[in-house]
Asker: 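Dropping the structure in here first, questions after.
What you see below is based on every heavy atom in this structure, not just the backbone, and it leaves out hydrogens, waters and symmetry mates.
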Amino acid sequence: GHHVLNVAGDTRPIEDAVAHLSRRFPGTRFVRGPALNVASVWGLRNDRLSALLGFAPSTPMEEAIDRLIASRRPSAPTP
C-alpha cells in the first residue's frame with residue numbers, strides 16, 4: 001500500500017534563516033512582519049518515517065534555502 005507521512009524539518013528560529021539569507025544576499029534589508037504561530041510544526045516527528053524507511057531524511061536549513069535559490073535562479077552563486 002501507499003503511505004502519507006509528515007516530515008519534520010530543520011525547525012529553527014526565523015532569525016537563523018534571516019542570517020543565512022543575509023549572507024547570501026549582502027546588503028538586503030529584512031523587515032519582520034506580524035508572526036503567525038504555527039505551533040503544530042514544532043511537534044512534528046519522524047518516528048513513523050524512520051520506521052518505514054529505516055532512516056530519517058535530513059536537509060539542513062541552509063542547504064534547503066540554497067537549493068530553493070538555485071532552483072529559482074540557476075545563475076545564483078552557490079557556496
Side-chain angles (χ1 to χ4, degrees):
H2 300 291
H3 301 273
V4 176
L5 303 168
N6 288 320
V7 178
D10 188 1
T11 51
R12 297 188 1 218
I14 192 69
E15 289 82 6
D16 290 358
V18 170
H20 183 69
L21 287 166
S22 294
R23 287 188 295 274
R24 296 287 279 126
F25 300 100
T28 300
R29 183 173 164 249
F30 294 90
V31 178
R32 189 172 190 154
L36 296 175
N37 187 3
V38 187
S40 63
V41 171
W42 296 97
L44 288 177
R45 296 171 48 165
N46 287 325
D47 296 355
R48 288 184 58 206
L49 184 65
S50 296
L52 186 65
L53 297 178
F55 70 99
S58 175
T59 302
M61 179 198 65
E62 294 84 357
E63 182 180 337
I65 289 172
D66 289 342
R67 285 183 184 183
L68 177 61
I69 292 168
S71 74
R72 300 293 180 204
R73 294 184 356 174
S75 62
T78 53

Asker: If hydrophobic clusters are built by linking Ile, Leu, Val, Met, Phe, Trp and Tyr wherever their side-chain heavy atoms come under 4.5 Å apart, do Val18 and Phe25 end up in the same one?
Answerer: yes
Asker: What pair of heavy atoms forms the shortest contact from Gly1 to His3, and how long is it?
Answerer: O-CD2, 4.1 Å
Asker: Tell me the salt bridge (charged side-chain N to carboxylate O under 4.0 Å, His left out) pairs involving residues 47-56, sequence neighbours left out?
Answerer: Arg45-Asp47
Asker: Report, one line per pair, each donor and acceptor closer than 3.5 Å where one atom sits in a side chain of residues 52-65; sequence neighbours left out.
Answerer:
residue : atom : partner : partner atom : Å
Glu62   : OE1  : Arg12   : NH1          : 3.3
Glu62   : OE2  : Arg12   : NH2          : 2.5
Glu63   : OE2  : Arg67   : NE           : 3.2
Glu63   : OE2  : Arg67   : NH2          : 2.5

Asker: Decide whether Phe30 and Ile69 are clustered together by the hydrophobic rule: side chain heavy atoms of Ile, Leu, Val, Met, Phe, Trp, Tyr closer than 4.5 Å, transitively.
Answerer: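 Same hydrophobic cluster.
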Asker: Name all residues meeting the salt bridge (Lys or Arg N to Asp or Glu O under 4.0 Å) criterion together with Arg32; count only those two or more places apart in sequence or in a different chain, and write none if there are none.
Answerer: Glu15
